[in-house]
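Below: the structure, in structure tokens.
Here, residue 1 is the first one in the sequence, and each next residue gets the next number.
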Amino acid sequence: MPQIPEKIHELTVGQLSARSGAAVSALHFYESKGLISSRRTTGNQRRYHRDALRRVAFVRAAQRVGIPLATIREALAELPEERTPTREDWARLSEAWRSELDERIKQLSRLRDHLTDCIGCGCLSLENCVLSNPDDIFGERQAGSRLMAERVTERPKPQQSPAAQESQHAAEECC
């Protein structure tokens, strides 16, 4: 890894790429998303302050654990500009992500533990599918599995009469 003399306070995009391990295109992308910033020289070349090295490391570490870029940007916005994030900064910012990561771990563990059942089903159409219909939260309203994304966005349907439910069920079975 190339060393950059301490007296150099600004890095070219190539130097930042070489030191951080991030591709130049990734650095441009991070900049377009407001995760890092640069200034332009009179020749229109980007120059990054040295703190961009730590910020890029922070972004890449957060991405590896699945934190969305928008959330990372919000976290970095809490830091003063042109200051290298410290260990305390990382601890404070990452603590806010702990519950989100714990929930994701829980979902992945459920997926791992029930993957064989899912493969055995083949089509995720089990009435009580533990992956697509965890805890059978949709079983009261309708048979069959539901995508996990629908759990968040779908609103409960109004109660139908038993005759209407029977009619809907018969229509689903015939088609």
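The cluster map of Ile, Leu, Val, Met, Phe, Trp and Tyr, joined by side-chain heavy atoms under 4.5 Å apart, puts V65 and F58 in the same cluster. The same ILVMFWY cluster, assembled from side-chain heavy atoms under 4.5 Å apart, contains both F29 and V13.
Looking at every heavy atom in both residues, L35 comes nearest to L76 through O-CD1, 3.5 Å. Closest of all the heavy-atom pairs between L53 and S20 is CD2-N, 4.0 Å. Nearest heavy atoms, I36 versus R55: CG2-CB, 4.0 Å. Of all non-hydrogen atoms in E31 and R46, the two that sit nearest each other are OE1-NE, 2.9 Å. For L27 against A22, the heavy-atom pair with the smallest separation is CD2-CB, 3.9 Å.
Contact check on D89 versus R92 returns a salt bridge, with a Lys/Arg side-chain nitrogen under 4.0 Å from an Asp/Glu carboxylate oxygen. By the 4.0 Å N-to-carboxylate-O rule, E100 lies close enough to R104 to be salt-bridged with it.
Here the CD atom belonging to Q45 is positioned 10.0 Å from the CZ atom belonging to R39, to the nearest 0.5 angstrom. The distance from atom CZ of R50 to atom CG of L16, rounded to the nearest 0.5 Å, is 11.0 Å. Separating the CG atom in L108 from the CD atom in E103 is a distance of 10.0 Å, to the nearest 0.5 Å. In this structure, NZ on K106 lies 14.5 Å from CG on L101, to the nearest 0.5 angstrom.
Residue-environment remark: CZ (R87) stays at or below the threshold of 12 foreign heavy atoms within 6.0 Å. Within 6.0 Å of atom CZ in R40, more than 12 heavy atoms from other residues, nucleotides or ligands are found, so the atom counts as buried in its surroundings.
With contacts defined as side-chain heavy-atom distances shorter than 4.5 Å, the pair V59/L69 qualifies. Residues L11 and R47 form no side-chain contact, since every pair of their non-hydrogen atoms from C-beta on lies 4.5 Å or further apart.
When only modelled atom types and interatomic distance are considered, Y48 and Q15 share no side-chain donor-acceptor pair under 3.5 Å.
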